[in-house]
Number of protein chains: 2
Amino acid sequence: MTSKFLNLHKEKQQRILNAALNEFANKGFDRASTNEIVKSAGISKGLLFHYFNNKKELYLFLHEYFIEILMKEFFTSEHFAERDVFERLKKIMISKSHLMKKYPEIFDFYMSAYIETSSEIKNELTSSHFDLMARSYSRIFENIDTSKFKEGIDMNKAIDIISWTLEGYGNQVMSGVKGLRNSEADFTREFAEADVYIDMLKRAFYK
Amino acid sequence: MTSKFLNLHKEKQQRILNAALNEFANKGFDRASTNEIVKSAGISKGLLFHYFNNKKELYLFLHEYFIEILMKEFFTSEHFAERDVFERLKKIMISKSHLMKKYPEIFDFYMSAYIETSSEIKNELTSSHFDLMARSYSRIFENIDTSKFKEGIDMNKAIDIISWTLEGYGNQVMSGVKGLRNSEADFTREFAEADVYIDMLKRAFYK
DNA sequence: ATGGAATTGACCAATGTGGTCAATAGGAGA
DNA sequence: TCTCCTATTGACCACATTGGTCAATTCCAT
């Protein structure tokens, strides 16, 4: 049924998908209104249900569609060639911030999907829908250069500390930036301080 | 109007408050149903609206009522006498875990209140409702013993790292414990590993 | 027995829902 | 111009559920 939809003008496709994404993102499945979606997409009710048989199907389509966009953009980046754990995690943090800036609605959508309580949806939203994310997450810590660590250091725990620190710092920065219409920022200024934290931890854990 | 309510049998009070707390916690203001609340509290519709003039008033009452419970329990504990930053933050982390275990619904309620989008409520839920939390949070870092740190260390950043680490570790533990009906746990076993992280950071930042 | 408070639950108007379908518009090919 | 098919419309529907009311009843202390 959705194959018809994909033959539509790209622009109309986008209008529909974005309208739906936003509605679901900030109301969740149950409270999201198909009436609102068609209104803000500028199409008729009938058309929406012509392409998607029902609300649930639309919701699940969005899920698969946008996770692909996000993951493609995230993993074509070359972070994983970098074997120094600090550099890699810093790059990942910055790249994540860029994505959050570029597609905030998608992040909101998955955040709300993660806590979705609607009885209609939570059974369909099998763990497989989140598997991709889980697997992606674990790749972050693969193939790290272990030779740089001091002898006798518990490396896994050191990496925990490093990643919690960069995550904490990243959240702090992002919560400060949130809402700013500062689209030209490439975060170099915002993340300058990250290097201070990194130096402190390098001194502690690296040779 | 709520003064009448406080003269009720404690047990009936609790039934009503808990029913409402749970309903709001996992549905948010709009989707929460007063019908469900009275059903699960075992009272009639009329009685609920006899004590609380309307849904909004009930919601705001819950807000003030439970934050007090939480804060009282949290701040009568003596964490703030401890001036060693590691000990203090570890105590706080454990105490927070206990509270999350003891009152998970209250945490869920405030989590959902924090992201509440209902137009009816978000204007009433002024920042003042969260001020208490913010002020409490800042107390966590007051009056720390600074004499233990190495010379030349950026102490604020070191404290950031320590607190992000303990927070990260605490979240990891709690997400593993979540849902377990393990009421006798006092977390000493779960948090044993915390000392390893603490030692690593002490070696880095303390004299 | 009396009076006042606590409590009930049937009832209501209102709103908004997801989804349908007969009707129309648009445009490509003849 | 006519045909035919698809894209698109939006009025319409049955239904569920909502927050809130209120006259009636139960309870109980005096």
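In what follows, chains carry the letters A, B, and so on, assigned in the order in which the sequence lines appear, proteins first and then strands, with residues in each chain numbered from 1. The figures here come from the full heavy-atom set of this structure, side chains too, leaving out hydrogens, waters and symmetry mates.
- Checked against a 6.0 Å centroid threshold, the rings of B:F109 and B:Y114 do not count as neighbours.
- Taking 3.5 Å as the limit, the base of D:dG20 and the side chain of B:K55 contain no donor-acceptor pair of atoms between them.
- Protein atom CG of B:N35 is 11 Å distant from nucleotide atom C1' of C:dG9, rounded to whole Å.
- Each of C:dG19, D:dT18, C:dT7 was ranked by its minimum atom distance to the side chain of B:S33; first place goes to D:dT18.
- The distance from atom CD1 of B:I37 to atom C1' of D:dG19 is 11 Å, rounded to the nearest whole Å.
- DNA chain C is contacted by both A:G46 and A:D30; A:D30 maps to the nucleotide lying nearer its 5′ end (nearest heavy atom per residue).
- The nucleotide whose nearest atom lies closest to any side-chain atom of B:K45 is, among D:dA11, D:dT9, D:dG19, D:dG19.
- Centroid-to-centroid, the aromatic rings of A:F66 and A:F107 stay 6.0 Å apart or farther.
- Side-chain proximity of A:K12 to C:dT20, D:dG19, D:dT8: nearest is D:dT8.
- Between the P atom of C:dG16 and the NZ atom of A:K27 lies a distance of 10 Å, rounded to the nearest Å.
- Between the CZ atom of A:F49 and the P atom of C:dT20 there is a distance of 8 Å, given to the nearest Å.
- Nearest-nucleotide positions on DNA chain C for A:N54 and B:L48 put B:L48 closer to the 5' end.
- In this structure, B:I43 atom CD1 and C:dT8 atom P are separated by 7 Å, rounded to whole Å.
- In summary, the aromatic rings of A:F130 and A:H63 are positioned with their centroids under 6.0 Å apart.
- If you check D:dG20, C:dA6, D:dA7 against the side chain of B:H50, the one that comes closest is C:dA6.
- Aromatic rings from A:Y169 and A:W164 are positioned such that their centres are separated by 6.0 Å or more.
- Atom pair B:Y51:OH and D:dG19:C1' shows a separation of 20 Å (rounding to whole Å applied).
- Summarising the geometry, the separation between CG on B:N53 and P on D:dC22 is reported as 13 Å, rounded to the nearest angstrom.
- Taking atom CZ of residue B:F52 and atom P of nucleotide D:dG19, one finds them 15 Å apart after rounding to whole Å.
- Aromatic rings from B:F205 and B:F149 are positioned such that their centres are separated by 6.0 Å or more.
- When the side-chain nitrogen and oxygen atoms of A:S44 are compared with OP1 and OP2 of D:dT8, none of them lie within a distance under 4.0 Å.
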